[in-house]
Amino acid sequence: MPPPPRCGAAAIRLPFPIPYPPMLRFLLTRAGLVVPTFLGITVLAFFLIRLVPGDPIEVRVGERGIAPERLAELRHAMGLDQPLWKQYADYLGNVLTGDFGVSLVTRNAVIDEFLSLFPATIELAAAAILFAVVVGLPAGVLAAVRRGSVVDHTVMGLSLTGYSMPIFWWGLLLILLFSVNLGWTPVSGRLDLLYYVEPETGFMLIDTLLAGDTDAFRSALRHLVLPAVVLGTIPLAVIARMTRSAMLEVLGEDYIRTARAKGLREKRVIGLHALRNALIPVVTVIGLQAGTLLGGAILTETIFSWPGIGKWLVESINRRDYPALQGGILLIATTVIAVNLLVDLLYGVLNPRIRHAR
Amino acid sequence: MALLDIRNLSVEFTTRAGTFRAVDGIDLTVDEGEVVGIVGESGSGKSVTSLAVMGLIPEPGRVVADRLSFAGRDLRSISGSERRRIVGKDIAMVFQEPMTSLNPCFTVGFQIMEALKVHEGLTGRALRDRTVELLDQVGIPAPESRLRAFPHQLSGGMNQRVMIAMAIACNPRLLIADEPTTALDVTIQKQILDLLARLQRERGMALILITHDMGVVAETARRVAVMYAGQVVETRPAADLFERPRHPYTAALLDALPERAVGRRRLPTIPGVVPGIADRPGGCLFNPRCRFTATRCCGLRPELEPDDTGATRCFFPLPAHREVTP
Ligand SMILES: Nc1ncnc2c1ncn2[C@@H]1O[C@H](COP(=O)(O)OP(=O)(O)OP(=O)(O)O)[C@@H](O)[C@H]1O
Ligand SMILES: [Mg+2]
């Protein structure tokens, strides 16, 4: 983990000198980096899947076999008989015009499939990060305030365990415990089959509320809990550790002593004066979790049969659905980049020294 | 009765190298409205003493005293909430480093108002007006518009004025100014000291002015305590101290003042540094650096002995009628 940006005596050091107005320049620099990143992702998405043996048609026919003429015909129809560089160039050209192609399996536009499944993933990821923040932030603060105590060692020990937990194993463990043995939560899906709600927003919690169906809402919530916990575990561990170290640093600052010298309650000194400063590096770290989260979503969705992007991507790999995969990866990467830009903006909002020109 | 009454105050820190007495049996009294100067080199325990009064010694530190009372209340035994009612209201402190002593994430207005809200219960318009008035009193131009400034947008001198405004916000009876000018440049230093002196006079509050600069206390303090390695080595009225220092350390500090070295080619300095945790000598703590060290100074530790105008911690105090110039 890189050392946290500091908010304190030594001030924030940016990776480049900034004559103001900083925010604009900052964003332009970031935007400039986006182009090569995108190119890199298209290359990876395109070539990696082609390294996997078997093309879409071979995978589809499987053991049955297919006549060589028919195979050639289908390959031609899908453009797979073209030289690789030509295929890539066509793909890149299409992407640049916003065309992500058509799924080889379902014949639907990739972008439509993506958008219809995306809310499920976002809902899961948002619930996971909410869980991670709500538990991780106070845990980190508590560990810092009670540094060296049993509480501190417990929090740090648990977070190290959580961080090292393989998602697959952790998910199955929780399913065994809560779904199979205790029967508290459902094993898979987003909603009991008993219920049907019109997909207005694609977010099950919101849609069930919009439909005014509280039973369905409760069902959706119970479906969401376990996957959110599984997906949120690693971010939780990272946030707890980061919060602890940021708090420890801030608690040693002069202005904390000043706050105490004013006769403020310890609750206010820690919860306002210290936490407000410690949040700056913590928010950055939360933003960096966006990538981890979407990566983890692929596994989590597969374990819990959560009908989102992750599960869809895994199925696309199995079917060698090249356009779906390429489009899906690119769109996910776009999301991660957008989230990171957003976090950079938030960083400026949180840190007055970046927000204001002198 | 003295406003602040300290008897035999010690502060110990336990470090890996052992127990370290940063403050070692200090006596200090401050009367209502009095200005007392505490002088001493870096590391002599001035800040630790004032933090002990504020109840701000960080965790493993241990504070012991025979008496530690403020306005008749025993600061050793009061509860946390009682202490919070005194600290920040009746006793306030201005710190050494204005740039790091203000919270970078909050506006100066917010940070001043906070004290007023907590101790005086002010809100709304009254709170705002009082804050503007305070900023005006400490000489901040265009105070209205400064309410929303962040500390990084102000200079060191301005930030120190904000710190002072914050400290005097609730009309403290005792203000502790811990080297309030050390981090500022010379022209600003004078302004801040004048400001403190003016506020002290106008409000009649007691002031402990901590500094390592003898020249600063000469102009402001009525009484001076000289600290060395956690102990008071000499204390007496400022006029007497400057005229006839009795402790060799005080004399050496005075000799180091530029205005006393007229006609000399080089400013005399005191060789060596204040002993820290590992190198405290036996006997008198000043003996490795003293020009008059005798055998006795290395074996026994002198007590603070009262004399006609004050007290000195030295076996061989300088004669009362001689200037110490070699
Ligand atoms: N929290 C602490 N833990 C251990 N030692 C400490 C602590 N705070 C201060 N000390 C030590 O106590 C001694 C006195 O420190 P103090 O800050 O009071 O000096 P000072 O007279 O204020 O000096 P300066 O002019 O540099 O401010 C120093 O040797 C310092 O290292
Ligand atoms: Mg100090």
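Sequence lines set the chain letters: A, B, ... in the order given, protein chains first and strands last, and positions in each chain run from 1.
- Neither the backbone nor the side chain of A:I256 comes within less than 4.5 Å of any heavy atom of chain B.
- Note: B:H119 leads B:H119, B:M93, B:E97 in heavy-atom pairs under 4.5 Å with chain A.
- Annotation: maximal heavy-atom pairing with chain B below 4.5 Å, among A:A261, A:A259, A:G252, occurs at A:A261.
- Contact residues of residues 69-81 of chain B toward chain A are absent (heavy-atom distance under 4.5 Å).
- Pairs passing the salt bridge (Lys or Arg N to Asp or Glu O under 4.0 Å) check and including a residue from residues 277-293 of chain A, sequence neighbours excluded, do not occur.
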Intermediate values then yes/no, side-chain contact (heavy atoms from CB on, under 4.5 Å), B:V118 and A:K262: CA-CA 9 Å; B:V118 170; A:K262 276 197 261 187; over 6 Å; no

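- In this structure, the portion of A:R268 lying under 4.5 Å from any heavy atom of chain B is its side chain and not its backbone.
- Interface remark: B:L102 contributes backbone atoms only to the contact with chain A (heavy atom separation under 4.5 Å).
- Environment of CZ in A:R265: sparse, with no more than 12 heavy atoms of neighbouring residues, nucleotides or ligands closer than 6.0 Å.
- Residues of residues 106-113 of chain B that come within less than 4.5 angstrom of chain A, heavy atom to heavy atom, are B:F106, B:F110, B:Q111 in numerical order.
- Residues B:E114 and A:L272 come closest through the heavy atom pair OE2-CD2, 4.0 Å.
- Residue A:R260 comes nearest to B:V87 through the heavy atom pair O-CG1, 4.0 Å, listed as atom of the first residue, atom of the second, then distance.
- Considering SG of B:C105 and CD1 of A:I280, their distance stands at 4.0 Å, rounded to 0.5 Å.
- Contacts between residues 172-182 of chain B and chain A, counted as heavy-atom pairs separated by less than 4.5 Å, involve no residue at all.
- At distances below 3.5 Å, not a single donor-acceptor pair connects side-chain atoms of B:N103 with backbone N or O atoms of A:Y255.
- Using a 4.5 Å cut-off on side-chain heavy atoms (C-beta onward), B:P104 and A:N351 make no contact.
- What you find for A:L264 and B:R84 is that their closest heavy atoms are O-CD, 3.1 Å.
- Looking at B:I86, there are no atoms closer than 4.5 Å to chain A (heavy atoms on both sides), in backbone or side chain.
- Between the A:T258 side chain and the B:S101 main chain, a donor and an acceptor come within less than 3.5 Å of each other.
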Derivation of the side-chain contact (heavy atoms from CB on, under 4.5 Å) call for B:L51 and A:R257: CA-CA 10 Å; B:L51 290 177; A:R257 192 181 56 193; 3.8 Å; yes

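- The minimum heavy-atom distance linking A:P352 with B:H152 is given by the pair O-CE1, 3.3 Å.
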